[in-house]
There are 2 protein chains.
Amino acid sequence: MDFLQQLGPVALGSRLRRMSEYFTSEAAGIYADYGLDFQPRWYPVFYLVAHRPGISSNEIADQIGHTHASVSQIVKELVRNGLLAMTTDPQDQRRRLMTLTEQGQAVLPQLRAQTDDVRRSMQALLTEADANLWQALDRLEGQLQQRNLRSRVARVRELREQSPVQLRDFRPGDQPIFRQLNEEWISTYFTLEAADLKALDHPEEYILAPGGGILLAEVNGQVVGTCALIKMADGGYELAKMAVAPAAQGQQIGYLLGQAAIQRARDLGSRRVYLESNSKLAPALALYRKLGFQDLAQPLASPYARANVQMELRLN
Amino acid sequence: MDFLQQLGPVALGSRLRRMSEYFTSEAAGIYADYGLDFQPRWYPVFYLVAHRPGISSNEIADQIGHTHASVSQIVKELVRNGLLAMTTDPQDQRRRLMTLTEQGQAVLPQLRAQTDDVRRSMQALLTEADANLWQALDRLEGQLQQRNLRSRVARVRELREQSPVQLRDFRPGDQPIFRQLNEEWISTYFTLEAADLKALDHPEEYILAPGGGILLAEVNGQVVGTCALIKMADGGYELAKMAVAPAAQGQQIGYLLGQAAIQRARDLGSRRVYLESNSKLAPALALYRKLGFQDLAQPLASPYARANVQMELRLN
DNA sequence: CGATTTTGTGTAAGCACTTACACAAAAGTA
DNA sequence: TACTTTTGTGTAAGTGCTTACACAAAATCG
């Protein structure tokens with residue numbers, strides 16, 4: 001379930017559904033406890049008819065927010081169980097008017113007592129949980145009414161696609177540019193080491209195959225930035241090979257790559273992202289801090305001579 | 001939908017279900033927008049297999065919180081659509097191991113881009129709505145895990161039933177005690193008026209038939225308190241005929257009756273409860289204030305000579 | 001080591017709704 | 001007045017899960 005914390009609509013939908021099922025089944029149990037031969041789904045219809053005798057099918061559907069088909073089915077069951085009576089409206093032969101039968105009237109006080117107990121419990125529950133679920137749902141519904149999720153996503157997509165900077169995964173053939181961009185900056189400050197060459201010359205073998213990932217940033221179809229996630233022995237990921245072409249700097253490309261990499265690590269089920277850097281690289285360190293990384297107290301062993309700063313970011 | 005604000009588990013369950021359906025249908029639309037021939041329900045399974053190739057059916061079910069039956073069905077569809085491949089574990093012939101097909105691998109980057117856009121939208125949505133739905137659900141689940149709704153309701157019921165004071169609806173035959181209790185206090189402070197006699201002698205005709213209600217409080221099977229809701233022309237209710245036997249006073253009976261009456265008014269779909277009283281009756285006025293009633297600025301016409309205080313309570 | 005229990009998976013049917021379709025009664029229109 | 005459209009309701013089938021049942025492979029046990 002962990003990896004679904006991503007808050008996709010599917011995940012949220014699924015969770016709401018399960019919650020809904022929980023309440024439905026609890027409701028059934030509660031009715032049983034009160035010795036009522038009464039289906040939870042009847043409740044809204046029955047209650048509405050009790051309070052507004054002579055109401056029609058369609059009105060009920062409107063009021064309780066179901067479709068008329070649903071109401072039609074529930075009414076059928078209620079009639080079959082002798083709780084509801086249905087008559088045709090003499091003024092309008094299409095309309096069916098509902099009233100409680102005597103048996104229905106007899107059930108009402110019990111239902112009221114039960115409803116009252118349940119209401120109290122629910123109120124206590126929600127107060128206790130300090131979970132203003134009802135209000136949260138209200139707000140969410142309000143927002144969605146103003147603009148639905150689909151068009152919200154469409155807007156986000158448009159923004160992403162209009163952006164001059166496009167992120168994508170490493171594809172076969174990207175190795176030369178991947179190497180070039182990294183070699184460029186490393187050799188500016190340091191000298192290439194053996195560990196560098198292994199990863200830069202054979203990224204698919206040393207980074208992707210063990211379960212890592214490489215993200216590239218493109219501007220006008222030109223790769224101008226790279227960033228890799230290397231799987232670590234403890235299940236975490238190391239953020240490495242972060243490089244942005246000098247000409248493309250100042251466009252937040254490093255930040256975008258970093259964010260995407262962190263999200264990818266989350267997707268891959270990791271709880272932490274680790275990285276190594278050097279105190280000489282002030283702008284890089286500032287970027288890592290902005291991404292949420294914090295200095296690591298106890299240093300780990302590193303294959304890189306230039307690594308004198310270690311940071312990590314804990315996820316969730 | 002109004003009258004369902006009562007927060008019964010049915011109402012909440014129903015609402016969660018509708019929300020869930022909304023997200024599911026939006027998700028379907030979003031997939032369509034991205035040109036993906038992909039069912040929303042596949043998402044958790046597909047994504048999990050993408051990140052943990054070689055995972056088995058049961059493990060998937062555990063991880064995503066569905067039943068194995070559900071996973072089995074989804075996997076069947078994914079295989080039929082060429083996105084997933086299934087092999088039998090050579091070590092354990094019962095287990096089916098899942099991997100993405102090439103076609104599945106090809107879909108992955110598109111799915112990733114889409115997921116990312118959706119995630120951003122959802123985050124923005126929830127932030128914007130300031131609706132911490134996810135957290136609210138967490139808390140609620142936590143509370144329910146500690147003690148389920150059913151037993152919570154059982155406890156509330158027990159408390160109610162153990163209480164010496166029992167509330168119930170007016171039944172045929174209650175008229176004499178209803179009249180007696182009211183006559184008792186009225187004649188202590190005032191004199192009975194014509195309007196009193198009508199309602200006290202024929203409560204079913206003047207109170208119940210027009211759509212009102214009468215609640216009685218019993219102690220040891222003895223009716224010791226009364227309270228009525230009288231339907232007003234504007235759709236509101238008047239709280240009236242509130243009487244508690246002198247011997248039974250000091251047990252919060254008036255408060256319990258008042259609360260129950262207010263709740264009943266709410267159930268009946270009213271947005272306000274009105275009442276009339278007299279400034280001489282300090283304890284009664286204090287009770288009404290405790291129940292949430294507020295003095296009415298503009299006086300209404302009243303059939304009662306003794307009415308010199310008018311209050312109302314707005315619901316919701 | 002055969003018998004029993006457990007585990008992993010699949011299939012069928014159910015649930016509480018929905019959408020899609022059907023059809024007659026009422027309302028609007030020419 | 002005959003017509004088309006709209007409205008109110010009912011039925012069938014679909015949805016995305018669930019529970020219930022079935023069955024073979026593996027694990028456990030006397």
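All chains are named by letter (A, B, ...) in the order of the sequence lines, taking the proteins before the strands, and each is independently numbered beginning at 1.
Rounded to a whole Å, the CD atom of B:Gln93 is 11 Å from the P atom of D:dA27. Remark: C1' of C:dC15 and CD of A:Glu77 are 11 Å apart, rounded to the nearest angstrom. Separating the CH2 atom of A:Trp42 from the P atom of C:dC15 is a distance of 12 Å, rounded to the nearest angstrom. Atom CD1 of A:Ile64 and atom P of C:dA16 are 14 Å apart (whole Å). Taking atom CG of A:Leu16 as the reference point, atom P of C:dC17 lies 15 Å away to the nearest angstrom.
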Contact list (N/O, under 3.5 angstrom) for nucleotides 8-10 of chain D vs protein:
{"residue": "D:dT9", "atom": "OP1", "partner": "A:Arg96", "partner atom": "N", "Å": "2.7"}
{"residue": "D:dT9", "atom": "OP2", "partner": "A:Asn58", "partner atom": "N", "Å": "2.6"}
{"residue": "D:dG10", "atom": "OP2", "partner": "A:Ser72", "partner atom": "OG", "Å": "3.1"}
{"residue": "D:dG10", "atom": "N7", "partner": "A:His68", "partner atom": "NE2", "Å": "3.0"}
{"residue": "D:dG10", "atom": "O6", "partner": "A:His68", "partner atom": "NE2", "Å": "2.9"}

Check nucleotides 13-16 of chain D for protein N or O atoms closer than 3.5 Å to its own N or O atoms and list the pairs.
{"residue": "D:dG16", "atom": "OP2", "partner": "B:Arg41", "partner atom": "NH1", "Å": "3.4"}

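Side chain to side chain, A:Tyr34 and A:Asp117 meet the donor-acceptor criterion of an N or O pair below 3.5 Å.
Taken to the nearest 0.5 Å, the CD atom of A:Glu102 stands 11.0 Å off from the CG atom of A:Leu100.
Here the two rings, on B:Phe38 and B:Tyr43, have centers that are 6.0 Å apart or farther.
Residues passing the side chain to side chain contact (heavy atoms under 4.5 Å, CB included) test with A:Leu215, sequence neighbours excluded: A:Asp169, A:Leu257, A:Ala260, A:Ala261, A:Arg264.
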Show the numbers, then the answer: is there a salt bridge (charged side-chain N to carboxylate O under 4.0 Å, His left out) between A:Arg15 and B:Asp138?
CA-CA 10 Å; A:Arg15 185 167 187 188; B:Asp138 274 349; 2.7 Å; yes
List the steps and the verdict of side-chain contact (heavy atoms from CB on, under 4.5 Å) for B:Glu141 and A:Met19.
CA-CA 8 Å; B:Glu141 263 176 5; A:Met19 206 53 156; 3.9 Å; yes
Carefully, step by step, assess A:Thr99 and A:Thr87 under the rule side-chain contact (heavy atoms from CB on, under 4.5 Å).
CA-CA 8 Å; A:Thr99 41; A:Thr87 51; 5.6 Å; no
